[in-house]
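Heavy atoms only: backbone and side chains are in, while hydrogens, waters and symmetry mates are out.
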Amino acid sequence: MKPLRGKVALVAGGTRGAGRGIAVELGAAGATVYVTGRTTRTQRSEYNRPETIEETADLVNQAGGEGIAVPTDHLDPSQVQALVARIEQEQNRLDILVNNIWGAEYLAEWNVPVWEHSLERGLRMLRLAIDTHIITSHFALPLLIKNKNGLLVEMTDGTAEYNAKNYRLSLFYDLAKTSVIRMAWALAHELRPYQCTAVSLTPGWMRSEIMLDHYGVSEDNWRDAVGKEPHFVISETPRFVGRAVVALARDPHVSRWNGCSLSSGQLAQEYGFTDLDGSQPDCWRYLVEVQNAGKPADAGGYR
């Protein structure tokens, strides 16, 4: 079963984390997936991490799709324009755009007020989180709207409901992640006349490469981190949100979500997919009802 065979996707920001998980799941569903980022086998971004876009493309191929790695700095309009021109030349279509560009984990200063936070780092965070998404949409959406039922997924952290009620530990981070949700809402209005759909989507507490390294564990023994952070018990793999994107992309009635703020856990309940271990972690409900409520860590009933 390859429900997305013949479909063309662009995962902008697919080097690692959610982007990689999404790209691999799109590949497993049969899609042709263009994977972009700044870290390649010959150069690294300021992250200075080993994951590369070529590695992600190889994983897409191994999953059953076609992975195509294209080095791209999404803050450079000329590079994004060239990327989209290449997709149009090679495929003459774009069915799925996943705006996952981020690159700012190491810029945030948590629980530091704006007057003490590095202005340079904060403004850089906003550029990486917001400008990149706008630049990419500017050049890619004209190709997406050439065909009906195109899907734009704006990746963020937190649902609209959660972010409206909770300070996200830094003005800059709070603004970055909430702005992307509003961006999807606005783009939904602009795409509706072309019968295309825009949503914002958040994973839960994701076991990205950076998060696993932070706790000194691997995916195989991730539960060892629960001793350091008990609430990590609700965490999920990057593939879980990837399956959420696939579920949206294959839904003939996806337009019912146009403009909505969605989460991986919510969509798992709606569409019936699971994480790699067969569970359905519902992180955002857990955060409200357990962690933020000061209750002991217990994922029972939440995955």
Side-chain angles (χ1 to χ4, degrees), residues 11 13-24 37-39 44-53 55-56 59 100-112 116-118 121-122 124-126 128-129 155-159 162-163 166-177 180 201-242 244 263-265 275-277 279 281-284 286-288 290-292 294-299 302-303:
V11 178
T15 314
R16 61 184 68 82
R20 174 170 287 188
I22 292 167
V24 172
R38 295 172 295 162
T39 297
R44 290 189 179 188
S45 71
E46 64 263 37
Y47 269 125
N48 195 30
R49 288 192 57 86
E51 302 87 14
T52 69
I53 55 173
E55 188 177 51
T56 301
L59 291 171
N100 184 60
I101 314 106
W102 172 228
E105 269 93 346
Y106 301 142
L107 295 177
E109 299 170 17
W110 304 115
N111 289 304
V112 174
E116 295 179 5
H117 195 293
S118 164
R121 289 159 64 100
R124 171 72 173 170
M125 188 191 309
L126 295 180
L128 287 167
M155 296 300 299
T156 189
D157 177 24
T159 63
Y162 186 88
N163 288 358
N166 293 271
Y167 167 61
R168 300 309 309 276
L169 305 180
S170 158
L171 175 141
F172 294 105
Y173 189 85
D174 194 308
L175 181 58
K177 296 306 182 181
V180 172
L201 176 62
T202 180
W205 195 339
M206 191 175 58
R207 297 197 296 275
S208 65
E209 298 88 350
I210 291 175
M211 186 60 65
L212 292 171
D213 285 351
H214 174 74
Y215 286 117
V217 295
S218 67
E219 181 57 34
D220 291 336
N221 70 333
W222 71 267
R223 288 185 178 274
D224 291 350
V226 173
K228 301 177 182 178
E229 172 46 75
H231 292 295
F232 198 56
V233 70
I234 195 60
S235 65
E236 63 195 54
T237 75
R239 298 280 291 276
F240 191 49
V241 77
S263 72
S264 51
D275 204 348
L276 298 182
D277 63 0
S279 69
D282 191 355
C283 178
W284 297 100
Y286 176 92
L287 288 180
V288 172
V290 180
Q291 184 170 348
N292 294 354
K295 297 179 180 179
D298 182 359
Y302 294 94
R303 62 178 314 142

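Between the CZ atom of R38 and the CD atom of E46 there is a distance of 4.0 Å, given to the nearest 0.5 Å. Rounded to the nearest 0.5 angstrom, L126 CG and L171 CG are separated by 8.0 Å. Within the model, atoms CG of N163 and OG1 of T156 stand 6.5 Å from one another, a figure rounded to the nearest 0.5 Å. Separation of atoms CG (L287) and CG (D282) is listed at 9.5 Å; rounding is to 0.5 Å. Taken to the nearest 0.5 Å, the OG atom of S170 stands 9.0 Å off from the CG atom of N111. Note that CG of D157 is 4.5 Å distant from CH2 of W284, once rounded to the nearest 0.5 Å.
Between the side chain of Q291 and the backbone N or O of A297 there is no donor-acceptor pair closer than 3.5 Å. The closest donor-acceptor contact from the side chain of D277 to the backbone of S279 lies under 3.5 Å. Between the side chain of S45 and the backbone N or O of T39 there is no donor-acceptor pair closer than 3.5 Å. Between the side chain of D174 and the main chain of R168, a donor-acceptor pair closer than 3.5 Å is present. Checking side-chain atoms of R20 against main-chain N and O of T52 turns up a donor-acceptor pair under 3.5 Å. Although no hydrogens or angles enter the test, the distance criterion places a donor-acceptor pair under 3.5 Å between the side chain of Y47 and the main chain of A104. Side chain of D275 to main chain of T237: a donor-acceptor pair is present (N/O by atom type, distance under 3.5 Å, no hydrogens or angles).
Looking at every heavy atom in both residues, G14 comes nearest to T56 through O-OG1, 2.9 Å. What you find for A244 and S264 is that their closest heavy atoms are CB-CA, 4.3 Å. The two residues W102 and M125 make their nearest non-hydrogen contact at CH2-CG, 3.6 Å. Considering all non-hydrogen atoms of both residues, I53 and G37 come closest at CG2-N, 3.5 Å. Listed here is the closest heavy atom pair of A299 and I234: CB-CD1, 4.3 Å. Of all heavy-atom pairs between A18 and N100, the closest is CB-OD1, 4.0 Å.
A tilted orientation is assigned to the rings of Y215 and F232, their planes being inclined by 30° to 60°. Classification of the Y286-Y302 ring pair by plane angle, with boundaries at 30° and 60°, yields perpendicular.
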| task | Check step by step if side chain to side chain donor-acceptor pair (under 3.5 Å) holds for N292 and Y162. | result | CA-CA 11 Å; N292 294 354; Y162 186 88; 3.0 Å; yes
| Candidate pair E219 and L212, rule side chain to side chain contact (heavy atoms under 4.5 Å, CB included), full reasoning | CA-CA 7 Å; E219 181 57 34; L212 292 171; 4.2 Å; yes
| task | Could you please spell out the steps behind the salt bridge (charged side-chain N to carboxylate O under 4.0 Å, His left out) verdict for R121 and E109? | result | CA-CA 9 Å; R121 289 159 64 100; E109 299 170 17; 3.2 Å; yes
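For the pair T202 and K177, the minimum side-chain heavy-atom distance is 4.5 Å or more.
Tested against S235, the residues R207, R223, R303 include a single side-chain hydrogen bond (donor to acceptor under 3.5 Å, both in side chains) partner, R207. With M155 as the partner, the side chain to side chain contact (heavy atoms under 4.5 Å, CB included) test is satisfied by one option alone out of V241, V180, I101: V241.
Separation of the W205 and F240 ring centroids does not fall under the 6.0 Å cut-off.
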